[in-house]
There are 2 protein chains.
Amino acid sequence: MSKDALPGLTLCNNAALRRAARKLGQFYDDVLAPSGLKATQQGLLYQIHIGEEPAMGAIAASLIMDLSALGHTLKPLIRDGYVETFADPDDRRIRRVRLTPQGLVKLNEAMKLWHVAQQRLEDVVGKDKAESLRAALDDIAALDFDLPPATP
Amino acid sequence: MSKDALPGLTLCNNAALRRAARKLGQFYDDVLAPSGLKATQQGLLYQIHIGEEPAMGAIAASLIMDLSALGHTLKPLIRDGYVETFADPDDRRIRRVRLTPQGLVKLNEAMKLWHVAQQRLEDVVGKDKAESLRAALDDIAALDFDLPPATP
DNA sequence: CACGTTTAGTGGTATATGCCACTAATTAAA
DNA sequence: TTTAATTAGTGGCATATACCACTAAACGTG
């Protein structure tokens, strides 16, 4: 017994989620490491890729991420030349995002590694279990906890 | 249709996990806000509390967190006087951690709010579903992806 | 059309987390 | 016991993410 030195007592849904996220994040990051991308970056490039030059707000909404957080996360990818932004000509408030050619190459490279990670995980936990886990996580992501306001 | 502007396509286990973690984290953070603690901090205080003056390494192992990350996360809590560290007299490499009296007070305050969040979540998703989700997450956390090395 | 409001992003600040290099303390080996 | 290897943390640097205050652009109304 070297690992679990303390009782996990993971009764907290949020704590359990973060813990699992750290674990899984490390795994995906490890597998993706040869590409030089983190799993979060690969995921972001992918999200941009599947969108039609998505606006930042649209990406943030899809990822359930704060808009400013997205802006910050995007910076290293822009700096490294994988992504570029441009103002929407019809509404100059809107900034759209697209992959550069190098970004697309890098994404393809990372996707190969992603498949490896994804496959290895599903080998370990089982395809069904992984699928139902994702479904449960999507449920969480889709929840609507409107804090019961006084409706004044 | 204002929310999901892009197709979620959450096929990636890791992406789904992070997305759910952002969502749930925001919810717990919102509910805990009156205490001035983030959900991560409440969880960390709790983990310290249930341990017997745990060593940093033990806490990090329990939370599946990098040791240095734990050190960083601990800093604001030490600065705010909720936590203190001290060297183990039998092995001065080891730093043990404990709550200060104020830390205990703050934890109790935060736990009340935590119960609210936890309850509200379980009201929304259902107790069984929450429980099985936690079980699945604990499974993930307990996985052992030893990258098949060449075993030289 | 001028003014107030809403919408989309940016920049600053703070926490969360990880990796790496380095130090201190222990332990194991020669 | 003197030295090599292991263990526990620290500090620096980088990304991930959030909230807030602020700017700019578009909208809606009188």
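Order of the sequence lines fixes the chain letters, A, B, ..., with proteins taken first and strands second; residue numbering starts at 1 for each chain. Given the structure is predicted, the values throughout are model-derived calculations rather than measurements. For the numbers below, each heavy atom of this structure counts, side chains included, while hydrogens, waters and symmetry mates do not.
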Check nucleotides 16-20 of chain C for protein N or O atoms closer than 3.5 Å to its own N or O atoms and list the pairs.
unit_1: dA16(C); atom_1: OP1; unit_2: Thr40(B); atom_2: OG1; d: 2.3
unit_1: dA16(C); atom_1: O3'; unit_2: Arg18(A); atom_2: NH2; d: 3.3
unit_1: dT17(C); atom_1: OP1; unit_2: Arg18(A); atom_2: NE; d: 3.0
unit_1: dT17(C); atom_1: OP1; unit_2: Arg18(A); atom_2: NH2; d: 3.1
unit_1: dT17(C); atom_1: OP1; unit_2: Arg22(A); atom_2: NH1; d: 2.9
unit_1: dG18(C); atom_1: OP2; unit_2: Asp66(B); atom_2: N; d: 2.9
unit_1: dG18(C); atom_1: O6; unit_2: His72(B); atom_2: ND1; d: 3.1
unit_1: dC19(C); atom_1: OP2; unit_2: Asp66(B); atom_2: OD1; d: 3.4
unit_1: dC19(C); atom_1: N4; unit_2: Ser68(B); atom_2: OG; d: 2.2

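In the hydrophobic clustering of ILVMFWY residues, with side-chain heavy atoms under 4.5 Å counting as a link, Phe86(A) and Met56(A) come out apart.
Pairs passing the salt bridge (charged side-chain N to carboxylate O under 4.0 Å, His left out) check and including a residue from residues 64-86 of chain B, sequence neighbours excluded, read Glu84(B)-Arg98(B). Screening residues 55-64 of chain B for salt bridge (charged side-chain N to carboxylate O under 4.0 Å, His left out), with sequence neighbours left out, gives no hits.
Spacing between atom CD1 of Ile59(A) and atom P of dA8(C) amounts to 14 Å, rounded to whole angstrom units. One atom, OH of Tyr82(B), and another, P of dT15(C), lie 12 Å apart when rounded to the nearest Å. Atom NZ in Lys75(A) sits about 12 Å away from atom P in dT13(C), given to the nearest Å.
With sequence neighbours excluded, the residues satisfying side chain to side chain contact (heavy atoms under 4.5 Å, CB included) with Asp91(A) are Arg93(A), Ile94(A). The side chain to side chain contact (heavy atoms under 4.5 Å, CB included) check on Asp138(B) picks up Thr10(A), Ala16(A), Arg19(A), with sequence neighbours excluded. Among residues two or more places apart in sequence or in another chain, the side-chain hydrogen bond (donor to acceptor under 3.5 Å, both in side chains) test is passed with Arg22(B) by none. Partners of Glu109(A) by side chain to side chain contact (heavy atoms under 4.5 Å, CB included), not counting sequence neighbours, listed by chain and number: Ser35(A), Lys106(A). Remark: His49(B) pairs with Leu99(B), Leu104(B), Leu107(B) by the side chain to side chain contact (heavy atoms under 4.5 Å, CB included) rule, at least two apart or across chains. Legend: residues meeting salt bridge (charged side-chain N to carboxylate O under 4.0 Å, His left out) with Arg96(A), ordered by chain and number and at least two apart, are Asp88(A). Qualifying salt bridge (charged side-chain N to carboxylate O under 4.0 Å, His left out) partners for Lys112(A), counting only residues two or more places apart in sequence or in other chains: none.
Put simply, chain B comes within 4.0 Å of DNA chain D, heavy atom to any atom, from dT7(D) to dA18(D), going 5' to 3'.
Using a 4.0 Å cutoff on non-hydrogen atoms, the parts of residues 86-114 of chain A near DNA chain C are Arg93(A), Ile94(A), Arg95(A), ordered by number.
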